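Only this structure's heavy atoms are used, side chains among them; waters, hydrogens and symmetry mates stay out. The model shown is predicted, which means the values in this text are computed figures rather than measured ones. Each chain gets a letter, A, B and so on, in the order the sequences are listed, and its residues count up from 1.
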2 protein chains.
Amino acid sequence: MFEEKISLINQRLINILPKGSFPQKELFKAADYSLNSPGKRIRPLLVLTTLEVLKKDIKLGLDPACALELIHTYSFIHDDLPCMDNDDFRRGKKTLHKAFNEWLAVLTGDYLLTYSFEIIAKAKGLDSEQKVELIKVLSECSGGKGLIAGQVVDLSLQLKDADYKTLEFMDLNKTAALFIAAVEFASIIAKIKDKERKILKEFAKNLGFAFQVIDDILDAKVEDDQLPSKVDVVSVLGIDEAKKLAKKLTLQAEKSLRKIKRKSDPLLEITKLLLDRKI
Amino acid sequence: MFEEKISLINQRLINILPKGSFPQKELFKAADYSLNSPGKRIRPLLVLTTLEVLKKDIKLGLDPACALELIHTYSFIHDDLPCMDNDDFRRGKKTLHKAFNEWLAVLTGDYLLTYSFEIIAKAKGLDSEQKVELIKVLSECSGGKGLIAGQVVDLSLQLKDADYKTLEFMDLNKTAALFIAAVEFASIIAKIKDKERKILKEFAKNLGFAFQVIDDILDAKVEDDQLPSKVDVVSVLGIDEAKKLAKKLTLQAEKSLRKIKRKSDPLLEITKLLLDRKI
């Protein structure tokens with residue numbers, strides 16, 4: 001049921017980058033390499049699916065949805081760098097700094113981050129008040145009290161200092177913040193009431209946290225025979241507690257959905273899919 | 001005559017970053033380290049001075065002006081990284097990755113870039129139309145067809161391929177683009193007519209280009225006895241031609257100012273100061 005939306009997102013992502021011959025063409029080539037690798041597109045999908053539940057034309061949310069995928073892409077390009085996670089592979093291909101080079105990877109991340117704001121400022125069919133609201137949400141969720149806060153804690157946290165509260169802070173910021181941005185985008189575009197908006201935020205918070213816990217569980221399976229290389233929910237709480245937590249957060253997300261006085265089946269479907277995913 | 005404005009800018013820059021105890025407090029400490037080092041503050045000064053010439057309350061431009069300084073700061077934090085210029089000193093202090101560490105320098109740059117959009121979206125006294133216009137200008141001037149385009153060419157250009165046209169492209173993007181953003185900010189805030197706005201853009205373009213050429217001349221003096229280490233106006237055209245170019249561009253900037261039907265003495269003063277500067 002999501003194929004159509006994902007295809008719409010992928011098509012727009014291909015067309016969103018400048019085409020043609022520029023002195024800086026390597027930049028756009030590098031951006032295309034990372035942005036148009038096969039990804040799950042969960043964040044933009046969440047924007048469009050929430051709009052569907054809110055009975056608003058999903059096309060109005062397409063460009064803001066893509067802006068979120070640009071933010072997600074910039075964040076993993078920088079996160080993969082040698083001075084951070086030093087990863088060689090991402091989405092089944094070489095990471096950007098391996099396929100191109102390190103300085104271009106830094107600048108491509110900077111470019112995608114900057115361009116995400118330009119896309120929203122120039123989005124069609126939205127009024128200026130909506131655009132300013134979208135930009136407030138995007139800058140907050142991806143900024144120093146959102147995504148980047150989570151990254152800072154992730155990179156500095158020692159196993160001995162890791163407790164549930166710190167892990168929760170880390171995951172809510174580095175992962176749930178962009179899930180929250182996704183439903184907030186839909187709420188702003190559909191101009192819904194604050195009460196409903198608050199419920200959707202609560203849903204996205206739990207969904208995003210669950211998503212990260214499940215990521216940690218899947219990562220732990222891959223690294224089965226190795227020592228825990230990073231501080232996450234699995235290395236701190238153990239795999240069984242992590243699974244219980246993922247289940248609990250998913251149930252909480254579903255509970256929020258039942259509070260909305262709307263037919264929210266597509267969002268329920270996403271929630272189940274994310275819990276049961278194998279990659 | 002600029003002390004008062006610079007002091008206003010410096011005061012706001014000190015207060016603009018979050019204060020208090022956060023799990024990610026190192027991020028805000030690092031941002032403060034780079035942002036509040038003694039800088040010339042030319043870009044924000046240009047916003048406020050242009051507003052003065054346009055007879056508009058300069059306080060309305062203070063936050064957008066500071067947003068520009070955040071962009072400038074992020075760009076030199078990333079530019080100083082080992083994978084780019086690999087500089088150890090900036091503004092008389094250790095560069096951020098030397099004083100803190102490399103991953104925090106990448107994330108601090110990302111934070112300042114993101115936060116600059118938040119500051120504009122939340123600026124007081126401006127309407128939503130103005131904010132969207134400011135964000136369009138900021139994202140364009142600092143993006144893949146502005147500042148970042150200039151950086152890409154700067155890092156990939158070989159001396160053998162360097163001609164005047166390429167150098168002009170590089171300098172107009174990596175330096176003049178933020179000067180243009182500064183006068184555009186003032187034009188948007190003062191809501192002036194397109195014709196006047198175009199003249200101011202032309203002024204800022206020449207002023208910014210001249211600023212970069214003078215930078216190259218001052219750098220060449222410091223590196224007097226060394227081989228030319230980088231591709232710039234001095235290494236390609238020679239010092240005498242570079243000086244002639246700086247003079248010519250300054251005269252062109254002054255010529256634009258005379259086309260505005262306003263008392264533009266403070267902007268003329270900035271232009272002269274920048275040409276004659278020793279640092």
Side-chain angles (χ1 to χ4, degrees), chain A residues 17-18 22-24 26-28 31 74-75 78 81-84 97 101-122 127-133 135-136 138-140 142-153 155-157 166 169-170 173, chain B residues 17-18 22-24 26-28 31 74-75 78 81-84 97 101-122 127-133 135-136 138-140 142-153 155-157 166 169-170 173:
Chain A
L17 297 175
F22 300 96
Q24 73 278 34
E26 279 296 289
L27 177 72
F28 301 131
Y74 119 73
S75 91
H78 281 186
L81 286 170
C83 67
M84 298 218 221
H97 64 274
N101 64 61
E102 211 178 320
W103 65 257
L104 192 60
V106 174
L107 290 177
T108 303
D110 295 343
Y111 162 61
L112 290 170
L113 170 53
T114 310
Y115 192 41
S116 69
F117 290 99
E118 184 172 336
I119 288 168
I120 295 179
K122 294 179 175 174
D127 59 44
S128 297
E129 278 72 25
Q130 285 175 307
K131 289 177 183 181
V132 172
E133 276 306 300
I135 287 162
K136 275 184 197 168
L138 184 64
S139 56
E140 284 175 355
S142 64
K145 292 181 178 177
L147 174 61
I148 298 172
Q151 298 278 69
V152 170
V153 171
L155 285 155
S156 48
L157 188 62
T166 314
F169 176 89
M170 178 171 96
N173 283 289
Chain B
L17 297 175
F22 301 96
Q24 72 278 34
E26 280 295 289
L27 177 72
F28 302 131
Y74 118 74
S75 90
H78 282 186
L81 287 170
C83 67
M84 298 219 220
H97 64 274
N101 64 62
E102 211 178 319
W103 65 258
L104 192 60
V106 174
L107 291 177
T108 304
D110 295 345
Y111 162 61
L112 290 171
L113 169 53
T114 311
Y115 193 40
S116 68
F117 290 99
E118 184 172 338
I119 289 168
I120 294 179
K122 295 179 175 174
D127 59 44
S128 296
E129 278 72 25
Q130 285 175 307
K131 289 177 182 181
V132 171
E133 276 305 300
I135 287 163
K136 276 184 198 168
L138 186 63
S139 56
E140 285 175 355
S142 64
K145 292 182 179 176
L147 175 60
I148 298 172
Q151 298 278 70
V152 170
V153 170
L155 286 155
S156 47
L157 188 62
T166 315
F169 177 90
M170 179 171 97
N173 283 289

Can a donor-acceptor pair be found, under 3.5 Å and without considering hydrogens, that links the side chain of [X] to the backbone of [Y]?
{"X": "B/Asn101", "Y": "B/His97", "answer": "no"}
{"X": "B/Gln24", "Y": "A/Ile148", "answer": "no"}
{"X": "B/His78", "Y": "B/Val106", "answer": "yes"}

Go through the atoms of [X] and report whether side chain, backbone, both or neither lie under 4.5 Å from a heavy atom of chain A.
{"X": "B/Leu147", "answer": "neither"}
{"X": "B/Val132", "answer": "both"}
{"X": "B/Leu155", "answer": "both"}

Q | Residue among A/Ile119, A/Thr114, A/Asp127, A/Asn173 with most heavy-atom pairs under 4.5 Å to chain B | A |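 Ranked by heavy-atom pairs under 4.5 Å with chain B, first place is A/Thr114.
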(Q) Only pairs of heavy atoms separated by less than 4.5 Å count here; which of A/Gly143, A/Gly150, A/Ala149, A/Ser75 has the most with chain B? (A)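 Looking at each option in turn, the highest pair count goes to A/Ala149.
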Q.
For a 4.5 angstrom cut-off between non-hydrogen side-chain atoms, does A/Leu81 reach A/Glu102?
A.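 Yes, their side chains come closer than 4.5 Å.
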(Q) Can you tell me which portion of A/Ser156 sits under 4.5 Å from chain B's heavy atoms? Options are side chain, backbone, both or neither. (A)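 Backbone plus side chain of A/Ser156, per the 4.5 Å heavy-atom cut-off to chain B.
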Q. What residues form a ring pair (Phe, Tyr, Trp, His ring centres under 6.0 Å) with B/Tyr111, not counting sequence neighbours?
A.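 B/Tyr111 satisfies ring pair (Phe, Tyr, Trp, His ring centres under 6.0 Å) with B/Phe28, B/Tyr115 once adjacent residues are dropped.
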Quick one: which of [options] has the most heavy-atom pairs under 4.5 Å with chain A, could you say?
{"options": "B/Leu112, B/Thr166, B/Ile135", "value": "B/Ile135"}
{"options": "B/Lys145, B/Gln151, B/Lys131", "value": "B/Lys145"}
{"options": "B/Val153, B/Val152, B/Asp110", "value": "B/Asp110"}

Q. Between A/Glu118 and A/Lys122, is there a side-chain N and carboxylate O pair less than 4.0 Å apart?
A.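 Salt bridge present between A/Glu118 and A/Lys122.
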